[in-house]
Amino acid sequence: MGAPHPLDPLTAAEFRQVVAVLRRERGVSDGWRFASIELAEPSKDALRAMPASGDAGGVGSVETGGPDRTAGPGPRREALAVCWDTGDGQAYRAVVSLADDAVVAWEHLPGQQPNLTVDEWHECDEVLLGHPRLAAALARRGVTDLSLVVTDVWAYPPSLVPERYRGLRLGWSDVWCRGSEQGSPYAHHLSGLHPIVDLNRMELLELEDEPPGDDHGLPPVMGEYLPKLIPVPLREVRPLHVSQPEGVSFTLDGYLLSWQNWRLRLGFNYREGLVLHTVGFTDNGRLRPVAHRLSFAEMVVPYRDVTADHYRRTAFDIGEWGLGFMTTSLELGCDCLGEITYLDAVLPDSRGEPRTITNAICVHEEDSGVLWKHVDHVFGAEVRRARRLVVSFHVTVANYEYLVYWRFYQDGNIECEVRATGIMVTSYFPAGQQPPTGALVDERTYAPFHQHFIVARLDLDVDGGDNTVYAAESAALPTGDANPDGLALVVRETPLRTESEGRQDYDWQRQRAWKVVNETVRNALGIPVGYKLVPGGTFPAMLDEASPVLRRAEALKHSLWVTPYRADERWPCGEFPTLSERDTGLPRWTAQDRPIENTDVVLWYVFGIHHLTRPEDWPVMPADAVSFWLKPFGFFDRNPALDVPPSRPHGGH
Ligand SMILES: [Cu+2]
């Protein structure tokens with residue numbers, strides 16, 4: 001490959017260079033950790049100023065055709081790094097120029113806790129498993145084989161941090177026990193056993209140890225999922241093959257992906273994981289921008305249970321842990337079926353050493369049922385099969401997995417689906433009762449209710465940068481002379497003019513959706529072009545205004561927030577939610593109540609899974625799927641998939 005495109009993720013060599021520069025120029029030594037290193041993405045202006053690259057830029061549109069040209073003067077490549085001195089806990093943010101091999105900015109971040117790192121998770125596990133106090137507590141509960149024990153450290157919610165531990169990089173942990181060597185790591189929760197850890201000194205501060213029940217909270221549960229460990233024989237199922245004998249219909253040139261009029265760039269970083277850049281659709285030979293950048297910017301998982309095992313259990317899986325860091329390798333035929341193209345991802349560990357996640361991103365096509373059809377009563381059926389291009393990645397956050405699918409359709413639709421699977425957190429519950437804030441899932445074992453909120457950051461650029469968001473609502477007109485049967489249904493579109501108006505909630509009664517319109521571009525019917533955010537999987541936070549959890553994640557208060565684009569407004573619950581008291585993201589930005597009309601807007605869509613646990617989710621949870629859509633709404637002049645060819649019957653295509 002030639003020179004990287006300015007949006008390409010940092011390479012292993014670039015990570016090493018950033019680390020070397022910081023060690024040399026800022027004395028970042030062995031006692032430090034790197035929380036994150038990522039590409040400092042070039043500004044929109046810089047991207048637009050680039051020679052025609054075949055990307056869907058921002059303002060205006062770019063002719064399609066020809067290969068991606070990365071030659072020519074692009075923006076200078078820079079990296080952002082956050083690191084901290086574990087000795088004094090002080091964190092710093094650096095901007096490093098890769099071209100100049102130099103630090104161009106170095107900022108002290110007093111009072112901020114950078115994100116937690118995978119290294120800390122593993123090192124904490126090692127320290128705890130080697131600690132005599134934990135071994136003694138386990139022995140009292142009848143657990144003597146430490147090779148079966150798993151710990152799982154979480155960040156401490158700041159409002160619950162005991163006074164004596166204020167200011168520490170504080171973690172609390174669960175302790176789990178496998179039932180056998182290859183038994184599920186999260187099958188047996190040792191309820192009431194919680195180490196409290198100083199993650200900078202990697203030191204056990206205290207060990208909460210209050211075993212519940214006569215059986216020390218170790219009831220005989222069936223928490224296994226491996227075929228050899230489950231008490232039921234495997235059913236029969238015959239092979240299902242997906243075959244594309246003539247190859248796939250997409251091309252991937254570096255990170256530039258083209259398929260069925262769609263064109264976009266893939267990106268990846270420690271925090272958001274997969275990022276989709278410069279998404280455009282070629283219409284009549286013109287590449288029309290749809291989105292500048294699409295990603296997940298935060299995920300908040302509050303457990304809605306106040307018992308000793310769970311009251312601290314609120315995770316910020318993106319801000320605290322990072323979807324990129326948690327990304328796991330995909331396996332052909334299991335995670336993805338058919339003709340698959342994989343991309344590896346490279347991320348640094350906390351010592352700055354690059355690590356490759358092989359097969360981190362999956363790109364493939366899927367059949368998606370019928371695209372359109374009509375049966376002419378004289379001439380018979382005309383039918384088109386739909387297919388979709390899927391760009392996906394999977395993350396494993398300790399016990400849980402999130403599977404993220406961005407799907408592009410031939411008719412201009414984009415669907416974003418998230419599937420949650422993995423193993424629920426469970427703990428002991430006394431026999432003969434029903435837990436008030438969870439569900440029994442096994443013997444004397446319950447899974448607390450919880451919610452998975454995801455904040456999608458949707459930087460749409462519908463046919464250019466300047467857009468207006470409308471709340472589009474359906475209304476039935478009152479019955480009257482002009483509407484005698486009360487049948488008239490109208491749509492009311494209200495422009496959202498300011499950030500306070502941009503705070504929107506789902507409304508079933510009005511079938512509210514949000515249309516992102518470019519007033520300066522009209523379709524052939526004379527109507528300004530638009531894309532609609534069709535909500536799905538959105539639900540209220542159901543957190544009291546006085547709740548410290550809500551104070552840390554005020555972003556959860558609404559289904560949608562709209563802000564004017566600012567390059568540095570990326571994290572809806574704040575840049576450093578780890579041990580943070582307040583949400584310094586969306587509520588703070590939107591308190592300015594800036595105008596959002598006819599400008600470059602960013603939509604923040606809050607959706608996810610309101611997880612009322614059930615026995616069927618145990619011992620491993622069948623994937624639960626939620627999704628939302630971005631649908632062209634007057635973006636095209638007619639059905640843009642008229643030109644999809646018929647399939648060849650009987651196995652052809
Ligand atoms: Cu869940």
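Keep in mind that this is a model prediction, so the values were computed, not measured. Atoms within each ligand, like the ligands themselves, are counted from 1 in listed order.
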*asked:* Under 6.0 Å between ring centres: does that hold for Trp604 and Trp589?
replied: yes
_Tell me every residue that passes salt bridge (charged side-chain N to carboxylate O under 4.0 Å, His left out) with Glu545, counting only those two or more places apart in sequence or in another chain._
Lys557
*Just jot down the salt bridge (charged side-chain N to carboxylate O under 4.0 Å, His left out) partners of Glu443, sequence neighbours excluded, or say none.*
none
*Name all pairs fulfilling the salt bridge (Lys or Arg N to Asp or Glu O under 4.0 Å) condition that reach into residues 313-338, sequence neighbours left out, sorted by first residue then second.*
Asp174-Arg313, Glu320-Arg552
*Please list, in chain and residue-number order, the protein N/O/S atoms closer than 2.8 Å to the Cu ion (ligand 1).*
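Result, waters dropped: Tyr400 OH, His450 NE2, His452 NE2, His611 ND1.
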*For residues Ser368 and Tyr409, determine if any side-chain heavy atom of one lies less than 4.5 Å from a side-chain heavy atom of the other.*
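Yes, their side chains come closer than 4.5 Å.
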*Just by distance, do the side chain of Asp442 and the backbone of Val221 share a donor-acceptor pair under 3.5 Å?*
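Looks like no, no N/O pair under 3.5 Å.
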